[in-house]
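The structure appears below as C-alpha cells.
Naming: A, B, ... by sequence-line order, numbering from 1 per chain.
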Number of protein chains: 2
Amino acid sequence: MYLKKIPDEHDCGISVALKIVGGKWKAWIINCISKGMIRPSQLHRELTVTSPRVINIHLRELEKYGIIDKIVHPGLPLKVEYFLTETGKSVLPIIDIMERWGDNHRQPVNEPDN
Amino acid sequence: MYLKKIPDEHDCGISVALKIVGGKWKAWIINCISKGMIRPSQLHRELTVTSPRVINIHLRELEKYGIIDKIVHPGLPLKVEYFLTETGKSVLPIIDIMERWGDNHRQPVNEPDN
DNA sequence: CCGTATCCAAGGTGATACTG
DNA sequence: CAGTATCACCTTGGATACGG
C-alpha cells in the first residue's frame, strides 16, 4: 500500500484509513471476524485462495493497529480466537459503505478490465 | 493493489471500491477535483511530492472507471479540465467517512510504525 | 501546457515446507 | 491447530527525459 513515506502535509485521514482496509484481504477479514468467524482455521477455510501466511500478515497488522485482539486458549490442540476491539468495530461502517457502493457500481468499474 | 485476480466468490463490493480509492493518491485527487482544482497543473502544484507520471496514471484509471471525465480545450497552450462524473460524486461520502475515521484514529494506527 | 516511455526501487502477495 | 521462513513473482510508485 505504499503509504509509509507520505509527507506530513499529505498524511490525511485517508492514508490512515487505507492502512486498515487497504490490503487485499484486510476488509474481508474484518468482516469475517465481525460475523463470528473468529478462529484462524475458519478464516483459512473461507479464504482457500490465499495461503495462511498472507492471512497471518494481515492479522498481525490489524493487531498492531489495534483493530483486532486475540485470546489464546492454553492446551492442545491450540485454540486462538480473534475479536474486534472497539476501534475495530468503528471500522465496520466504512467497510459497509464501501461494500454497498461497490455492489452498486460494479458495472462501470469492473467492465473496463481489458 | 493486487485486486485483479480475485476469484468471483470473493470479488465483493470492497474490491470494487478499493479500485477507486485504493491507490496512493487516488482519493486525494478525487478530493482536489471536487474542490475545483481541475487542471493538471494545479494538481501537480498541490502534489509536488509526486511526479506528473504517477498523477496521470491515477487520472487515467479514474477516467477508465468512470469516476472523472475531462474537457480538452483546443488551442495553445493546452488546457484540460477534469470534473467528477455522477459516479464520481457518489464516491465523495466514502472518502469523507474514511478521512474522518482516520483523523479520529490517527494515534492507534500511526504510532506503532516501528 | 499536457501527456507518455523507459528504467528502476520497493512493497505486497503467493506456494511451499517447516517448527511448536 | 497456529504460526513462521524462505523463496520467487507481480504490481505499484518514482525519476528522468522526451514528444504533441
Side-chain angles (χ1 to χ4, degrees), chain A residues 1-7 10-11 15 18-29 32-33 37-65 68-83 113-114, chain B residues 1-7 10-11 15 18-29 33 37-65 68-82 113-114:
Chain A
M1 281 300 306
Y2 293 83
L3 295 173
K4 297 182 178 169
K5 295 180 298 184
I6 293 181
H10 295 299
D11 190 13
S15 326
L18 279 179
K19 285 186 181 178
I20 308 304
V21 293
K24 186 164 180 178
W25 306 108
K26 283 211 195 87
W28 193 92
I29 290 174
C32 282
I33 293 179
M37 305 175 53
I38 57 181
R39 300 193 58 190
S41 50
Q42 291 176 303
L43 296 174
H44 295 345
R45 265 194 300 278
E46 263 289 309
L47 211 41
T48 52
V49 286
T50 316
S51 63
R53 177 185 166 278
V54 175
I55 296 179
N56 279 334
I57 289 179
H58 287 325
L59 289 173
R60 290 301 90 73
E61 230 175 303
L62 293 172
E63 211 178 331
K64 185 174 87 174
Y65 291 150
I68 62 176
D69 206 347
K70 66 178 168 184
I71 301 175
V72 180
H73 298 273
L76 284 177
L78 291 180
K79 184 175 178 182
V80 175
E81 291 182 331
Y82 286 93
F83 58 92
D113 242 334
N114 309 326
Chain B
M1 283 300 307
Y2 291 82
L3 295 174
K4 295 181 181 171
K5 294 182 296 186
I6 293 181
H10 295 299
D11 190 13
S15 326
L18 278 180
K19 286 185 181 178
I20 308 305
V21 292
K24 186 165 180 178
W25 307 108
K26 282 210 195 86
W28 193 91
I29 289 174
I33 294 179
M37 305 175 53
I38 55 180
R39 300 194 59 190
S41 49
Q42 291 177 303
L43 295 173
H44 296 345
R45 264 194 300 277
E46 262 291 308
L47 211 41
T48 52
V49 285
T50 315
S51 62
R53 176 186 166 278
V54 175
I55 297 180
N56 279 334
I57 289 178
H58 287 324
L59 289 173
R60 291 300 91 74
E61 231 175 303
L62 293 173
E63 210 178 331
K64 184 173 87 176
Y65 292 150
I68 62 174
D69 205 346
K70 67 179 168 184
I71 301 175
V72 181
H73 299 272
L76 285 177
L78 291 180
K79 184 175 178 182
V80 175
E81 290 182 332
Y82 286 93
D113 241 334
N114 308 327

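- Among the atoms of the strands shown, base atoms are found under 4.0 Å from some heavy atom of Ser51(B).
- When the C1' atom of dT13(C) is taken as reference, atom CH2 of Trp28(A) falls 16 Å away, rounded to whole Å.
- Residue pairs satisfying the side-chain hydrogen bond (donor to acceptor under 3.5 Å, both in side chains) criterion with at least one member in residues 68-79 of chain B, sequence neighbours excluded, are listed as follows: His73(B)-Glu81(B).
- Picking from dC2(C), dA2(D), dG14(C) the nucleotide with the shortest atom distance to the side chain of Trp25(A) gives dG14(C).
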Pairs counted only when both distances fall under 3.5 Å, Watson-Crick or G-U: show me the 5' to 3' dot-bracket for DNA chain C, [ ] for pseudoknotted crossings and | for other-strand partners. |.||||||||||||||||||
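- Checking dG3(D), dG3(C), dG13(D) against the side-chain heavy atoms of His58(B) singles out dG13(D) as nearest.
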Each nucleotide N or O in nucleotides 18-20 of chain D that has a protein N or O under 3.5 Å away: list the pair and distance.
none

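- The interatomic distance linking Lys26(A) (NZ) with dT13(C) (C1') rounds to 12 Å, in whole Å.
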Between protein and nucleotides 5-7 of chain C, what N or O pairs are separated by less than 3.5 Å?
residue	atom	partner	partner atom	Å
dT6(C)	O4	Arg53(B)	NE	2.8

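- Nucleic acid contact class of His73(B) (heavy atoms, under 4.0 Å, all strands): none.
- Looking at the side chain of Val54(A), the nearest of the listed nucleotides dG14(C), dG14(D), dC1(D) is dG14(C).
- With dC1(D), dT4(D), dG13(D) as the choices, the nucleotide that has an atom nearest any side-chain atom of Pro77(A) turns out to be dC1(D).
- For the OP1/OP2 pair of dG11(C) and a distance below 4.0 Å, the side-chain nitrogens and oxygens of Lys19(A) include no atom meeting the criterion.
- Residues passing the side-chain hydrogen bond (donor to acceptor under 3.5 Å, both in side chains) test with Glu63(B), sequence neighbours excluded: Arg60(B).
- Between Lys24(A) and dG14(C) there is a side-chain polar atom (N or O) within less than 4.0 angstrom of OP1 or OP2.
- Taking Arg39(B) as the reference, nothing meets the salt bridge (charged side-chain N to carboxylate O under 4.0 Å, His left out) condition, with sequence neighbours excluded.
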